[in-house]
Amino acid sequence: MDQLKKELKEALIQALNLEDITAEEIVDEDPLFGDGLGLDSIDALEIILILERNYGIRLTKPEESKEIFYSINTLADFIGKNRKK
Amino acid sequence: MNKYSVYIQSLASIYPQDEAVEGRFSACEPDYKEWIKDAGLRRRMSRIVKMGVTAALQCLQNISEKPEAIITATGLGCLADSEKFLQSIGSHHEELLSPTPFIQSTFNTIGGQIALLLGNKAYNTTYVHRAFSFESALIDGLMQLQAGDAGSLLVGSVDELTPTAYHILARMGVWRKFPAGEGASFFLLGNQKMERTIARIVAVDMVSGDFSQDQLAEKRLNFLQKNNASDAAVVSDDMFKPICGEYQTASSFGLWYACTQLNGAGFVLIANSFLHNHTMVLIEKFKG
């Protein structure tokens, strides 16, 4: 799981062009949107692409995405349970 | 009859300041963090967007008036993001396309980002007419200021060079005369002469065709005579393109060059050619 989280953080940094932030600086339980990393709706679309391209996961229930995308922990947990590749 | 004359009140340029490497110039870029403080905005901006926005902000530095229009020009637009987006269409079989390069690949991204940063909701237009892009933007600004529809506005251009564009345009012979280049130049124009006013824009003209050097010289002479400026100094692209390189909106750097690097006051003609497209911008400089 730790490896998955590290991989996820690196994918986020690259896809979202997060300047001056290293994977170590992203706290697993901090919120990704709003107060935490300060991501927004366009970033959410980029995360959806990461899920589909890297892990073969297609989100079918948009109402659950707020919970899934809350933090690195929730995202990694969801990927761990649903990944197809 | 024009109600007002048009003046250059302020200007800024981001341009190459080192020698060309393997036939290519690269713009000497400032530390963008100093100009675009919001990291959230900055991280979505590609290189050309940061270059254009920063040149515009530098032009407006220490300026109190708010531009009543933002008019930008680009020959090829946000090339790097356009290439990224097109490559992504191919590599991902037209599915799962990333939204950011698409958003940033549009030609008017730079004008839009300048407006967002300034909180400016005025007229905002981008001209994309290859080698006539900058002059088209300039004419739009001139018409608004001459008619008194605006008192102050921002006009500028930006183009970036990518490896792909370099190779494609090399095949077309675009870099035969000068190395490939890039850059961003912005001008704050107004219709009131001030203490800081640098020059008056007298006239702008564009001609297209496969002219001989003699025919071109005759066209330039006619343009000068028509504007009672036969004694104008001439800044040809032989003077400024060895610095900025060749690109579709290099004439805006030519205007910046004539205003800042040329000694003496008086009429100056900035004469530019890009393939078969030729432009003439006549200014009257007030400061040496």
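Sequence lines set the chain letters: A, B, ... in the order given, protein chains first and strands last, and positions in each chain run from 1. Quick caveat: nothing in here was measured; it's all calculated off a predicted structure.
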Can you name the closest pair of heavy atoms from L39(A) and R43(B) and give their distance?
-> CD2-NH2, 3.9 Å
Taking atom CD of E29(B) as the centre, report whether more than 12 heavy atoms of other residues, nucleotides or ligands fall under 6.0 Å from it.
-> yes
Segment of L97(B) engaging chain A (4.5 angstrom heavy-atom cut-off) | backbone
Above 12 or not: heavy atoms from other molecules or residues under 6.0 Å from OH of Y166(B)?
-> yes
Exceeds 12 heavy-atom contacts within 6.0 angstrom, atom CG of D18(B) = no
Ranking G40(B), A39(B), S98(B) by heavy-atom pairs under 4.5 Å to chain A gives rank one to S98(B)
Please name the pair of heavy atoms, one in E46(A) and one in P99(B), separated by the smallest distance, quoted to 0.1 Å.
-> OE2-CD, 3.4 Å
Applying side-chain contact (heavy atoms from CB on, under 4.5 Å) between R44(B) and each of D40(A), N17(A), L16(A), report the one that passes.
-> D40(A)
Q61(B) atom CD, over 12 foreign heavy atoms within 6.0 Å = yes
Taking non-hydrogen atoms and a cut-off under 4.5 angstrom, which of residues 48-76 of chain A neighbour chain B?
-> L49(A), E52(A), R53(A)
Other residues, nucleotides, ligands: >12 heavy atoms within 6.0 Å of K81(A) NZ | no
